[in-house]
Amino acid sequence: GTEAQKQRWLPEMAKGEVVGCFGLTEAGSGSDPGSMATTARRDGEDFVLNGSKMWITNGSVADVAVVWAKLDGEVRGFLVEKGMSGFSATSIKNKFSLRASDTSELAFDNVVLVQKCRQPAQLVLAEFAGPHVLIHTRLVAKVPRGLGPHAIEVGQGNDDGPVVGD
């Protein structure tokens with residue numbers, strides 16, 4: 001993100017005063033950014049976000065969400081703050097597993113992201129666009145797959161190191 005975005009959010013996150021979440025996964029496309037259905041469109045200098053994200057850790061408790069959406073066919077990151085009109089985060093209850101963490105659905109119904117508001121200075125993550133985002137987000141999305149087998153090994157009393165697999 002921009003320096004203004006970092007200054008706005010990172011100090012409070014580092015102190016544990018603010019919680020964030022990462023909105024990539026969708027019900028219909030999983031964590032494949034190329035297949036996502038969530039979109040952003042330009043409206044003058046602002047952006048309008050529509051769609052939903054699923055199984056988002058800390059979604060209903062987060063103060064800010066980094067949300068991935070397609071803008072003119074290109075995957076872009078957007079900052080969506082708790083309380084924005086048209087944005088909702090609903091906890092998913094009665095999960096079969098991973099009940100220790102809050103998991104949510106994020107919904108965006110014509111959420112207007114004002115480009116020239118005071119705080120934060122910008123809501124679009126300008127550095128993140130194009131094909132390299134697809135590669136980066138695919139790598140991030142793969143991390144839990146590597147941790148799952150390791151968690152099983154540890155649960156079985158073998159913590160000699162992670163099990164490598166895809």
Open item on the list: Set out, in order, the CA-CA distance, both residues' side-chain angles and the distance that settles side chain to side chain contact (heavy atoms under 4.5 Å, CB included) for Thr39 and Leu71, then state yes or no.
Closed with: CA-CA 6 Å; Thr39 61; Leu71 173 67; over 6 Å; no

Taking all non-hydrogen atoms of both residues, which atom of [X] and which atom of [Y] are closest, and how far apart?
| X | Y | answer |
| --- | --- | --- |
| Met36 | Ser29 | CA-OG, 3.6 Å |
| Ala40 | Leu49 | CB-CD1, 4.0 Å |
| Ala27 | Met54 | N-CB, 3.8 Å |
| Pro33 | Leu24 | CB-CD1, 4.1 Å |
| Glu105 | Ser52 | OE2-CB, 4.0 Å |
| Leu106 | Ala65 | CD1-CB, 4.3 Å |

Task: Leu79-Val18 co-clustered via ILVMFWY side chain contacts under 4.5 Å - done: yes

Do [X] side-chain atoms and [Y] backbone N/O form a donor-acceptor pair below 3.5 Å?
| X | Y | result |
| --- | --- | --- |
| Asp46 | Val112 | no |
| Asp43 | Val48 | no |
| Glu26 | Ala37 | yes |
| Lys53 | Trp68 | yes |

Can you measure from [atom1] ([X]) to [atom2] ([Y]) and round to the nearest 0.5 angstrom?
| X | Y | atom1 | atom2 | answer |
| --- | --- | --- | --- | --- |
| Gln5 | Glu3 | CD | CD | 10.0 Å |
| Thr57 | Phe22 | OG1 | CZ | 11.5 Å |
| Lys82 | Asp63 | NZ | CG | 5.0 Å |
| Arg8 | Met13 | CZ | CE | 9.0 Å |

Task: Derivation of the side chain to side chain contact (heavy atoms under 4.5 Å, CB included) call for Phe47 and Arg42 - done: CA-CA 5 Å; Phe47 296 89; Arg42 294 181 191 278; 3.3 Å; yes

Open item on the list: side chain to side chain contact (heavy atoms under 4.5 Å, CB included) for Cys21 and Val64? Distances and angles first, verdict last.
Closed with: CA-CA 7 Å; Cys21 69; Val64 63; over 6 Å; no

Between side-chain atoms of residues 84-92 and protein atoms elsewhere (two or more places apart, or another chain), which donor-acceptor pairs fall under 3.5 Å?
from	atom 1	to	atom 2	distance (Å)
Ser91	OG	Ser60	OG	2.8
Ser91	OG	Asp102	OD1	2.8

Task: Any Phe78 side-chain heavy atom under 4.5 Å of Leu113 side chain - done: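 Phe78 vs Leu113: side chains touch.
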
TODO: Take Ile56 and Thr103 through the side chain to side chain contact (heavy atoms under 4.5 Å, CB included) test and state the conclusion after the steps.
DONE: CA-CA 5 Å; Ile56 306 303; Thr103 307; 5.9 Å; no

